[in-house]
*Asks:* 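My questions all concern the structure below.
Atoms within each ligand, like the ligands themselves, are counted from 1 in listed order.
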Amino acid sequence: MKPIEIAKGIFSVGCIDWNIRDFHGYSTNNGTTYNAYLIMDEKITLIDTVKRDFADHLIQNISRIVDPKKIDYVISNHTEMDHSSGLPRVMHKIGEDKPLYCSKMGQKNLSRHFSQKWNYNPVENGGELSIGKRTLTFLETRMLHWPDSMFTYLKEDKILFSSDAFGQHFAGLEKFDDEIGEEIMPSAKKYFANILLLYSPLILKLVEKVTEMGLALDMICPDHGIIWRKDPSKIINAYVEWSHQEPKRKALVIYDTMWHSTEMMADAIVDALGQEGVDAKPMHLRNWHRSDIITEVLDAGAIVIGSPTLNNGLFPTVSDFLTYMKGLKPKNKIGAAFGSYGWSGESVKLINNELEEMKFKVMDPGLKIQYIPDEKGLRACHELGKKIAKELPQ
Ligand code: FEO
């Protein structure tokens, strides 16, 4: 991707990673981008870098605008390696002694990643840096989503460089929200669900704080995906809605199966939920990626988990999913468990334990059926589905 002038004298100089399909365990079927921004002012300033493999591409992009050696300041909004692993190459190219601005935690974390003794300039929350005609303001956003995370706000141009927040893993030739429209929203939702969900309470506080500060926003420039310029409030409002996690009349029946018995139970539960007007679907854990399921979990009212008993325990994919979901701390859910077993039958109890730990409302002891569900067993699955439907919002 060539640099694009996103506002007078401000360039998007990052790179597109068209082919990445796994981002630390999150499926990125649309690839991603690592965005970085160059501000041409009296002090030429680079905001964020890119993943190491793309560092030369970033330098090439910068070179199309200015000799990289002329960069005066580098801002690091976030230490995670998709934005910082290109930093050594960039600093080497522009000059190891150039001032590097980051949060205090940023300095600590960057020092744990890189041995170079860079010219760190840790900034305070609300601290300002004049770069000539423009001024940058730094806003700490601790734990959104790392301790070092911060935003950089350019007040003269009303641009928020928001690091990971408001991003999307989306590789495309489109650069702005108005060039892609609604098509971007599923990627933004998936990104929120998999990366920011557990910080929902902090997001609500941050939005409140930013609203109180009365920051004018003409553009939000995240470090992944498209830039919000047509309507930056659209993504802010979406974040508020997603953070509230209001449950819908929607149920996910998430399961794995060995010889289709647990699957028969899943289908019967989904049938009953559907008959009761619930938006329900079965999700087989070897056919759905965990990160796509979590996106659906965001607004579901009921999470119904099914596992056969295997070697006195859960089927491995079910354990994998429960571990992943537990870490993301979804709220306001009803939970229920089911599964087929041969002789010992521990799976339902094990799932219930996990759901309770996640503070889900476990509204039924769960249903276990030996070997293959018969008519009576399938009727019991229907009853469970109906019972779940009664608990969901109308
Ligand atoms: Fe895009 Fe937290 O890194």
*Asks:* Decide yes or no for L154 and F161: does some side-chain heavy atom of the first lie under 4.5 Å from some side-chain heavy atom of the second?
*Replies:*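 Yes - at least one pair of side-chain heavy atoms lies under 4.5 Å apart.
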*Asks:* Please list, in chain and residue-number order, the protein N/O/S atoms closer than 2.8 Å to atom 1 (Fe) of ligand 1.
*Replies:*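 Listed by chain and number, the nearby protein N, O or S atoms are D82 OD2, H83 NE2, D164 OD1, H224 NE2.
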*Asks:* Among K386, K361, K333, exactly one meets salt bridge (charged side-chain N to carboxylate O under 4.0 Å, His left out) together with E391. Which residue is that?
*Replies:*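 Single pass found, and it is K361.
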*Asks:* Is it possible for you to check whether K368 lies under 6.0 Å from the centre of the six-membered ring of Y341, through NZ or CZ, and within 45° of that ring's axis?
*Replies:*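 Satisfied, under 6.0 Å and within 45°.
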*Asks:* Check whether NZ of the Lys or CZ of the Arg R290 lies under 6.0 Å from the centre of the six-membered ring of F321 and within 45 degrees of that ring's axis.
*Replies:*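 No.
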*Asks:* So, for F138 and F151, is the gap between ring centers shorter than 6.0 Å?
*Replies:*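 They do not qualify: ring centres at least 6.0 Å apart.
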*Asks:* For D97, does its backbone N or O pair with a side-chain atom of N119 as donor and acceptor, under 3.5 Å?
*Replies:*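 Yes, the answer is positive, given that a donor and an acceptor are paired below the 3.5 Å cut-off.
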